[in-house]
Structure formats: structure tokens, C-alpha cells
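Before any comments, here is the structure.
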Number of protein chains: 2
Amino acid sequence: MDRKYSISDLASEFNVTTRTIRFYEEKGLLSPQRIGATRKYAGNERVKLKLILRGKRLGFSLDESRDIINLYDPIAGNTKQLQLLLDGINSKQKELLDKRKEINSMLSDLKQAEENCQQALNAQKIK
Amino acid sequence: MDRKYSISDLASEFNVTTRTIRFYEEKGLLSPQRIGATRKYAGNERVKLKLILRGKRLGFSLDESRDIINLYDPIAGNTKQLQLLLDGINSKQKELLDKRKEINSMLSDLKQAEENCQQALNAQKIK
DNA sequence: TATTACGTTGACGTTAACGTTAACTTCTCC
DNA sequence: GGAGAAGTTAACGTTAACGTCAACGTAATA
């Protein structure tokens, strides 16, 4: 049905303030329609916000998130543009694979710490 | 051999400024030895710095990184302390699993975008 | 011996990402 | 019709994470 959302709809759905959403617009990350002065967000704008917040949780800056969003942009006219877009996508993919590797090593570090901790706890129990 | 490092050794190895390293100390994340007034970093301090920077790349704040470092702390005396430590480790593990999931969905989004882009490029070639 | 390199401690400046407050409009509802 | 509730712009405040001097000490080296 292609619903529309008010600013506070999105704010409460994603647990951010309306100030935050307006700030993202100010930075060129969102571009809602206007009914008079009031903002109205269609589905694609909602998705953008979702992408921004996911980016944030993964340590991307707003500038980076803007770039990421643009990678999904279906405009990209000529071949050169498309090639640039593809390069951007590939580079961001590598970046993410690196992050995933780092997460994995962090997880294995923590697993080690967990075992040590378990060990020490068991030693206490025996006593 | 348990080498020691100067502040600029670490700075150049990890590609940060000495200011950054001193700042981390100021925030209680590092605690190098002193030879006179000069800082000297042993292996464990070097590892801490590594953990901090990895944390940063994954979107953790310095406060969070300090907590993470403390999860590896082998002091943890009594059972209650150990249990708390274990809880902290488990909670951080879950957090990381969440991040990994988000990375995976971002990767699959990008894969989709890549295919679309490839598609469009092929369409250009045929022409 | 003077310059160059590296170290130190302040202390103030900067940027990203919002928070907060003010002053105002517009809509709904009792 | 007046009292919220939700929207707006504008402007200043705040915090984290450093950058950037300045002013100084020390140690090697040309």
C-alpha cells in the first residue's frame, strides 16, 4: 500500500529523536516530501533511515552512509557512471569483509576469555 | 624476548599519532611504564592499543573498548567477580553476533546492487 | 657546541553528531 | 474557543576524540 510516515512515526519506530531525523536531512541523507511545511516520509525514505542507523552501528560515519545509500541509486546513466558505481560497491564489500574478519577474531578472543573464566569458576567450586 | 616499545614505535606501527596514544592513556585505557618521564610500552600495552583500534573500526567507543579490555583481565578474584566477568563476556559476544548479522545483511544488499549494476552494464554493451 | 630528533606537559581549537531551548504555526478535540 | 499535541525554523550548547600549538627537557650527532 506504500504507506507514508510522519517524522515522529519514524522516530518512535527506530528509537531516535525527530531532531536526529531532521539533522540527517540537513546533511543531505534524507529528502522527504512536504505537505505544506510538514515532512512526509515514503517507504524509500524509511529504508534510507534504516540504512543510516545500521551503518552507525557498524561504525560508519554519516558521510560514509550517504555514500552507501548512493550505491543503491538506480539512476547511474552511462557506462562510466555504472563502472564507478560498481567499483564503489566492490570496495565497500571488501571493507565489510574486513570488518567481519575483525569481528570473528574478536569473538574468538572472547571465547578464549570465556574459557579461562569458566576454568577459574570451576576451580572455585571444587574448593 | 618481550620487547619494549617507544610511543613513536607504536604510533608508526598502528598509523596513529602520539597524541592519540597519550589521549588513550589519559582516558585510562593504557598504562605504560615510565623510564624517567618517558613512556615505555610492553607487549601487553601494545595489545591493548591493538584492541582499542580494532574496537574503533567496529564502531565501539573508547569507553566500550575499555570495558572490552577489562574482560580479558585475569585479576577477577572471587566467584561473584568471575560471574560478572562472564556475564560481560557473554553480553559482548551477543553484541558482536548482532553486528555480524548486520554486516551480512549489508553484504547481501550490496550483492543485489552489484547484480543490478552488472545487468545494466551488460545492457549497455549489447547496444 | 649547536642543531636535530624525540620526549614531556599543558592548554586551547576543531569536527561530527546530535541535544536543548525558544518562538512560532496548525490541527484536533472537548 | 482554548488547551494540548505535533509540526516548523533558528540558534546556541554539548560530548567524544582527537589536532595543534607552545614551551620545555634530553640525547645523539655533525
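Chain letters run A, B, ... following the sequence lines, proteins first, then strands; residues in each count from 1.
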(request) Report which part of the nucleic acid B:Arg22 touches: base, sugar-phosphate, or nothing (heavy-atom distance under 4.0 Å, all strands). (result) base
(request) Tell me what B:Thr17 touches on the nucleic acid: a base, only sugar-phosphate, or nothing, going by heavy atoms under 4.0 Å. (result) sugar-phosphate
(message) Less than 4.0 angstrom between a side-chain N/O of A:Tyr24 and OP1 or OP2 of C:dC18, yes or no?
(response) yes
(request) Answer yes or no: does a side-chain N or O of A:Thr20 lie under 4.0 Å from OP1 or OP2 of C:dG19? (result) yes
(message) Between B:Arg39 and C:dT8, is there a contact of a side-chain N or O with OP1 or OP2 at under 4.0 Å?
(response) yes
(request) Check every atom of D:dT8, D:dA6, C:dT9 against the side chain of A:Ser8 and return the nucleotide holding the closest atom. (result) D:dA6
(request) Answer yes when B:Lys101 and B:Asp98 have at least one side-chain N-carboxylate O distance shorter than 4.0 Å, and no when they do not. (result) no
(message) Without decimals, in angstroms, what is the distance between A:Glu26 CD and D:dC12 C1'?
(response) 13 Å
(request) Return the value, rounded to whole Å, for the distance between atom NZ of A:Lys27 and atom C1' of C:dA17. (result) 8 Å
(message) Could you tell me how far apart B:Ile35 (CD1) and D:dA27 (C1') are, to the nearest whole angstrom?
(response) 15 Å
(request) Starting from the 5' end of DNA chain D, give me the residue, B:Ser61 or A:Asp9, whose nearest nucleotide shows up first. (result) A:Asp9
(message) From CD1 of B:Ile21 over to P of D:dA17, roughly how many Å is that when rounded to an integer?
(response) 16 Å
(request) Let me know the distance between CG of A:Leu49 and P of C:dA17, rounded to the nearest Å. (result) 15 Å
(message) I want to verify a distance call: between D:dA6, C:dC18, C:dT8, whose nearest atom is closest to the B:Ala37 side chain?
(response) C:dT8
(message) Rounded to whole Å, how long is the line connecting atom CD of B:Gln33 with atom P of C:dG7?
(response) 16 Å
(message) Rounded to whole Å, please give me the gap between CZ in A:Phe14 and P in C:dC18.
(response) 15 Å
(request) Using the salt bridge (Lys or Arg N to Asp or Glu O under 4.0 Å) rule, pick out the option among A:Arg54, A:Lys50, A:Lys92 that qualifies with B:Asp109. (result) A:Arg54
(request) Kindly indicate whether a cation-pi arrangement holds for A:Lys48 with A:Tyr72, taking the cut-offs as under 6.0 Å to the six-membered ring centre and within 45° of the axis. (result) no
(message) Heavy atoms from C-beta onward define the side chain here; which of C:dT8, D:dC18, D:dG7 lies closest to that of A:Ser6?
(response) D:dG7
(message) In whole Å, I'd like the distance from the CG atom of A:Asn15 to the P atom of C:dG19.
(response) 11 Å
(request) Taking only the side-chain heavy atoms of A:Phe23 (C-beta and beyond), determine which of D:dT8, C:dT9, C:dA17 contains the nearest atom. (result) C:dA17
(message) By the 4.0 Å heavy-atom rule, please label B:Lys56 as base, sugar-phosphate, or nothing.
(response) sugar-phosphate
(message) Strictly below 4.0 Å: does B:Thr38 bring a side-chain N or O up to OP1 or OP2 of C:dC6?
(response) no
(message) Taking atom types as they are modelled, would you say the side chain of A:Arg19 forms a donor-acceptor pair with the base of C:dT20 within the 3.5 Å cutoff?
(response) yes
(request) Identify whether the distance between the nearest side-chain nitrogen and carboxylate oxygen of A:Glu45 and A:Arg39 falls below 4.0 Å. (result) no
(message) Within the 3.5 Å criterion, strictly below it, is a donor on A:Ser108 or A:Ser105 matched to an acceptor on the partner's side chain?
(response) no
(message) Whether A:Glu13 and A:Arg3 form a salt bridge (side-chain N of Lys/Arg under 4.0 Å from carboxylate O of Asp/Glu) is what I want to check.
(response) no
